[in-house]
Amino acid sequence: MIEAILTYDFLQNAFAAGLIIGVIAPLLGVFIVVRRLSLIADALSHVTLAGIAGSLFLSQSVAALAALNPLYLGIAASVAGSVMIERLRRLYKHYEELAIPIILSAGIGFGAIFISLAQGFQTDLFGYLFGSVSAVSRQDLWIVTAIAGVVVLFILLFYKELFVLSFDEEFAKASGLPSRWIHFLFMIVTALVIAGSMRIVGILLVSSLMTLPVAAAMRISGSFKGTILWSVLFGEFSVLAGLVMAFYFNLAPGGTIVVTSIVVLLLVIAFSKSVRTKTNEVVT
Amino acid sequence: MGAPLIEMEHVSFRYEQTKALEDITLTVRKGDFLAILGPNGSGKSTLLKILLGLIKPTTGTVRLFGKDIRHFRERERIGYVSQKANSFNSGFPATVEEVVKGGLAKKTGLFRRFPESAEEDVTRALKAVGMETSRKRLVGELSGGQQQRVFIARALVSRPEVLILDEPTVGVDKQNVQSFYDMLDRLNKEQEITLILVTHDAEMVSDRISHVACLNRTMHFHGFKNEMERMSAEQLEAWYGHSVRKVHHAGAVR
Ligand SMILES: Nc1ncnc2c1ncn2[C@@H]1O[C@H](COP(=O)(O)OP(=O)(O)O)[C@@H](O)[C@H]1O
Ligand SMILES: [Mg+2]
């Protein structure tokens, strides 16, 4: 494997991007899960698809844009989607979750139109939906690295505010923390992570990489920081193991990564159950 | 008499359709222990939210520590414990220590890490509520009463001068309610923290409080608790409706 990575550029790109995504998706995912925003991640990934399909269509129809990396418009669409979700959530105060199906269907609707308009995109479509080991370019890798920089900086700078906001929004507001601003930034950073992770795990499975490792981590961790650490560990393991399997068996990495995370999750559940029953036996 | 820390003058508030508060005037001085009493939906939580700056009064003025609330920035001087059920997700994977430390976020300031002294502050706050042995436990594993103590510690950790509590004993079992109020009493008498408490346990707190505010959209009574005895049966009924019983003890209203 190491040899193959050293030989092929595309594998270097995929593994480097995978290593980075394995950290940032679960890192942000912890906050998404505890704030019960998992479905928003799903909606945003579908909006990203619309942006990417739109970009491919533009590249075909406008000669000057032929070489445009579709990731840029994907990111733009995702960020715009996150802003719109916030708008809608405020508009439908008592039905906040309504924003999610609205944005999700808008994403799929535009995506379907652009996909049918952009001829030949169907061949790439599979890679965008389920991830790809071979399609990650050097430029994609740089974009993912830049996104990771933004995410890590954001978490480092606002860790304590994010924690308080996630745990108890009303208390955050009452303490005078700028919770609206931090939430707004959080949504934008989420949009960035989704667009960045999409290349490796695919649009349909991005949100799984943000939630499954966290679901496993919460079973065994004894603190919030511990949950973050375990999530990143599980996420990283799933991405790397998934990529290796995808390469050797010529499978879509989104599938292998997510199935690995599910296996991890099941093992953790079984393990934590047996530990719990054992400690209960000791106690009683 | 202590200095006025909270002054509300002719405050009214309406939600889209509901008039929740009308012409409320209220002063809380340093060292007071004020109980805000009133039936459900009488505007108690709304009043607290105005004091905390979570909502803005439709009309009227609010001054905190002598400063107009619109220009008041020292939020860490006021601690807040909300009605627990509303705002807390009990599956949240955080330790008592992490939650309490969160109470220092505003004081520490944006873009900064918690200072070294945060550890001692957390210890002191946990000791004040008798929870120092649970420091490393997950909040979700604690009983309702223990969780409520943790939330008080979170409010205390920034050394506030005023502590505002909204029905803190809902979901706390009977025998623990008494020791919970003992603890509030100590905070008020030993640490001289001014307390504002919304509660239905009027009987249980009547020995400990200094002032009472009887609210039902308008203020029906506000003053020292022993002056409350002067409220006539008609006044009591106007405030609380039919079910009210006047007992010889001030504040003992059910
Ligand atoms: N967010 C809100 N939107 C609309 N009406 C509200 C809202 N919160 C409270 N109310 C209404 O305002 C009145 C006072 O509510 P509240 O302050 O919560 O009373 P209490 O805390 O005394 O039970 C009630 O009639 C309630 O229905
Ligand atoms: Mg209330």
Side-chain angles (χ1 to χ4, degrees), chain A residues 26 29-38 93-94 153-182 185 211 213-231 268 272 276 279-280 283, chain B residues 15-16 45 48-55 72-84 86-114 118 135-141 150-151 154-155 157-158 160 164 166:
Chain A
V30 173
F31 293 96
I32 289 185
V33 169
V34 296
R35 298 189 61 198
R36 304 185 198 280
L37 297 176
S38 315
K93 250 188 211 161
H94 304 287
L153 196 70
F154 175 69
I155 302 273
L156 284 180
L157 286 181
F158 293 106
Y159 176 79
K160 58 186 193 315
E161 286 81 10
L162 276 171
F163 173 80
V164 175
L165 184 64
S166 309
F167 183 74
D168 186 343
E169 191 167 345
E170 195 182 24
F171 181 82
K173 285 183 180 151
S175 343
L177 294 175
S179 46
R180 260 178 77 171
W181 267 108
I182 291 169
L185 291 177
T211 49
V214 182
M218 291 208 297
R219 298 291 310 177
I220 53 170
S221 155
S223 68
F224 191 69
K225 285 214 167 111
T227 307
I228 292 180
L229 216 72
W230 280 111
S231 300
V268 167
S272 61
R276 255 162 227 202
T279 45
N280 280 349
V283 170
Chain B
Y15 295 102
E16 278 121 54
S45 298
L48 297 191
K49 282 183 184 146
I50 289 176
L51 293 182
L52 291 160
L54 292 173
I55 51 179
F72 183 75
R73 293 283 170 275
E74 305 154 294
R75 293 246 164 258
E76 63 275 10
R77 296 177 79 176
I78 301 179
Y80 174 48
V81 181
S82 67
Q83 225 165 308
K84 182 200 114 194
N86 297 337
S87 55
F88 162 58
N89 149 18
S90 66
F92 200 99
T95 59
V96 167
E97 176 176 26
E98 286 174 317
V99 171
V100 174
K101 221 185 232 181
L104 287 167
K106 178 64 186 356
K107 205 175 191 178
T108 305
L110 279 175
F111 311 126
R112 283 169 211 273
R113 304 177 58 141
F114 289 117
R135 191 179 181 120
K136 297 288 179 195
R137 290 181 67 193
L138 288 172
V139 275
E141 293 172 353
V150 171
F151 296 142
R154 175 179 64 171
V157 72
S158 62
I164 295 180
D166 195 352

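Values below: every heavy atom of this structure, side chains too, minus hydrogens, waters and symmetry copies. Residue numbers begin at 1 in each chain, while the letters A, B, ... track the order of the sequences.
Heavy-atom distances place the side chain of A/Val164, and not its backbone, under 4.5 Å from chain B. With a threshold of 4.5 angstrom between heavy atoms, A/Ser175 approaches chain B through its backbone and through its side chain.
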Please walk me through it: do A/Phe167 and B/Val139 pass side chain to side chain contact (heavy atoms under 4.5 Å, CB included)? CA-CA 11 Å; A/Phe167 183 74; B/Val139 275; 4.0 Å; yes

May I have the step-by-step check of side chain to side chain contact (heavy atoms under 4.5 Å, CB included) for A/Phe158 and B/Leu110, ending in yes or no? CA-CA 7 Å; A/Phe158 293 106; B/Leu110 279 175; 3.9 Å; yes

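Across every non-hydrogen atom of B/Thr95 and A/Gly222, the tightest pair is CG2-O, 3.0 Å. Nearest heavy-atom pair, B/Arg75 versus A/Ala174, reported as atom, atom and distance to 0.1 Å: CD-O, 3.2 Å. The two residues B/Gly109 and A/Lys160 come nearest to each other via the heavy atoms O-NZ, 2.6 Å. The minimum heavy-atom distance linking A/Ser221 with B/Leu138 is given by the pair O-CD1, 4.0 Å.
Atom CD in A/Glu161 sits 8.5 Å away from atom OG1 in B/Thr108 (nearest 0.5 Å). A distance of 12.5 Å separates CG in B/Leu52 from NZ in A/Lys173, rounded to the nearest 0.5 Å. The structure places CZ of B/Phe92 at 5.0 Å from CZ of A/Phe163, a figure rounded to the nearest 0.5 Å.
Of the listed residues (B/Val99, B/Leu51, B/Val96), the greatest number of heavy-atom pairs within a distance under 4.5 Å of chain A belongs to B/Val99. With respect to chain A, the highest number of heavy-atom pairs below 4.5 Å among B/Arg112, B/Arg137, B/Glu74, B/Lys101 belongs to B/Arg112.
Side chain of B/Glu98 to main chain of A/Ser223: no donor-acceptor pair is present (N/O by atom type, distance under 3.5 Å, no hydrogens or angles).
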